Amino acid sequence: MLDPKLLRTQPETVAAQLARRGFHFDLERFTQLENRRKLLQTETEKLQAERNVRSKSIGQAKGRGEDIAPLKADIDQLGRDLDSKKSELDALQLEFEDFALRLPNIPHASVPEGKGEEDNLEVRRWGRVREISAPRDHADLGEALGLMDFAAATKLTGARFTVLRGQLARLHRALIQFMLDVHTREHGYEELYVPYIVNTASLRGTGQLPKFGEDLFSLKGDQGWSLIPTAEVPVTNLLRDEIQSAESLPRRWVAHTPCFRSEAGAAGRDTKGMIRQHQFEKVELVQAVTPEKSYEALEELTGHAESILKKLQLPYRVVALCTGDIGANAAKTYDLEVWLPSQGRYREISSCSNFEAFQARRMLARYRDSQSNKPELLHTLNGSGLAVGRTLVAILENYQESDGRITVPAALQPYLGGTSIIG
RNA sequence: GGAGAGGUGGCAGAGUGGUUGAAUGUACCUGACUCGAAAUCAGGCGUACGUGUAAACGUACCGGGGGUUCGAAUCCCCCCCUCUCCGCCA
């Protein structure tokens, strides 16, 4: 959510900023809603003040043993006026809130201008791309080894699921352990285990609702529960309605969870293999920091995610998403893209974002400022460190041998009981 | 799942339907005392929104939602959560 003060005082600026990302801010509708809200609110509060005064005087009159019947008659019409004004105001506020909750974040000044993916800015590249003659894709490799089974998953569930077997299932698990170990031991993150089912308040807090409900797998029942699309939701929402002490910051949390996405809009893309699944594992990094530290923290967090790719010796590049490609909730995002030999290009494996106070405002996630001793909104960040399924894909493709076997990256061998090659 | 108890300010903990945003304690901040500290004393000390240049004033908030009433932390209904006991399980 955007700062309501900014929204009210500088709606034109907001409109211009949101236009950078191709979002049309309906200035006319906003102004109309806002003017009406202002009017209704002052009128309603005036009536409430009046009622409070009169009710108080009734109480006093009663205390003196006077007859209060005429006073009550006097207040009758006031009550009816108040009721109708109040319900009008309530309805308008709901409408206004829905409007505000659907507005995306304002991109940071450093975000490159652009319309879509093609305008993203490559920041740096790392690693040497191996020469592989006639590289096979991960699905071919995995199926040939008999360790990756899409047909079985289709039977069990449907399209976009995978069954892994034997050494590949173990490699997949090893990746999770490896990533958690690195982030907890080397980068100072606290490991968390969290629910994989969350309520609507949490989804609203991190910005999945009200706008992106169709991407979620929602559960039956009237609790409004959904499977998590990312650990970001349960982890970041730990901050909801809480006030952190200044000393406890920065908060750094890491959690491994499965992620469930219906990805309705993505049908037809990446239909083969493990790239785009309804269920995948992710190790997620989340930080909560003071506002002045958040861009520094974004660089650090991105570096933490990069360190996994470096340790695995996987070539990658860092891309600053442009205003047209950045997610709705983010103020700035770096994508990490790993080299996939079968596609001859880099593909997203991590997305690291600074949300500034956008999520914190929705969640009322605050810290007590040591100077003012007042609660202030936190800045929240998160990034994949990394998407496990896609990391597995990258290893298969980048470490494939000409006979179809897969070399295990040195950093992972201890996690596989010393195994150096799969197949 | 069944039965009971309970959810009030950072924490603890009062609160007969009426001047209660809420006693009291504690924590915290400021001042006095002190060489300094402790102790003591005095004052301050929630959040959000609105009007206003400001001072200030107003409104809302006692788990959430609805209701009764001129007026609700207080009465009624529904829901959520916590605790205790029982049942069932991993």
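Quick caveat: nothing in here was measured; it's all calculated off a predicted structure. So you know, we letter chains A, B, ... as the sequences are listed, proteins then strands, and number each from 1.
- Taking the P atom of each, A5(B) and C45(B) are spaced 39 Å apart, rounded to whole Å.
- In this pair, F96(A) and F30(A) present their aromatic rings tilted. The plane angle is within the 30 to 60° band.
- Remark: the separation of the C1' atoms in G7(B) and A27(B) is 22 Å, to the nearest Å.
- The only member of L301(A), L386(A), L336(A) that meets side-chain contact (heavy atoms from CB on, under 4.5 Å) when paired with E306(A) is L336(A).
- U26(B) and U74(B): their P atoms are spaced 29 Å apart (whole Å).
- In RNA chain B, stems built from 3 or more consecutive Watson-Crick or G-U wobble pairs, each with both distances under 3.5 Å, span B:1-7 with B:80-86, B:10-12 with B:24-26, B:28-32 with B:40-44, B:46-51 with B:56-61, B:63-67 with B:75-79.
- Using a 30° and 60° split on the angle between ring planes, H278(A) and F217(A) fall in the perpendicular class, above 60°.
- For the P atom pair drawn from C77(B) and C83(B), the interatomic distance equals 25 Å after rounding to whole Å.
- With no hydrogens or angles considered, a side-chain donor-acceptor pair links Q359(A) and T380(A) at under 3.5 Å.
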Can you give one letter per nucleotide of nucleotides 49-77 of chain B, 5' to 3': B if a protein heavy atom sits under 4.0 Å from the base, S if only from the sugar-phosphate, - if neither? SSS------BSS---------BS------
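- To the nearest whole angstrom, the two P atoms, one in A38(B) and one in U20(B), are 35 Å apart.
- Under 3.5 Å, the side chains of E281(A) and H256(A) contain a donor-acceptor pair of N or O atoms.
- Residues forming a side chain to side chain contact (heavy atoms under 4.5 Å, CB included) with F280(A) (at least two apart in sequence, or on another chain): C259(A), R261(A), K282(A).
- When the P atom is used for both G10(B) and U68(B), the distance is 32 Å, rounded to whole Å.
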Check the pair H304(A) / Y189(A) against ring pair (Phe, Tyr, Trp, His ring centres under 6.0 Å), numbers first and verdict last. CA-CA 10 Å; H304(A) 297 152; Y189(A) 286 77; 5.3 Å; yes
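- Across G2(B) and C79(B), the matching P atoms stand 11 Å from one another, rounded to whole Å.
- Put simply, the residue from K38(A), K85(A), R36(A) that forms a salt bridge (charged side-chain N to carboxylate O under 4.0 Å, His left out) with E43(A) is K85(A).
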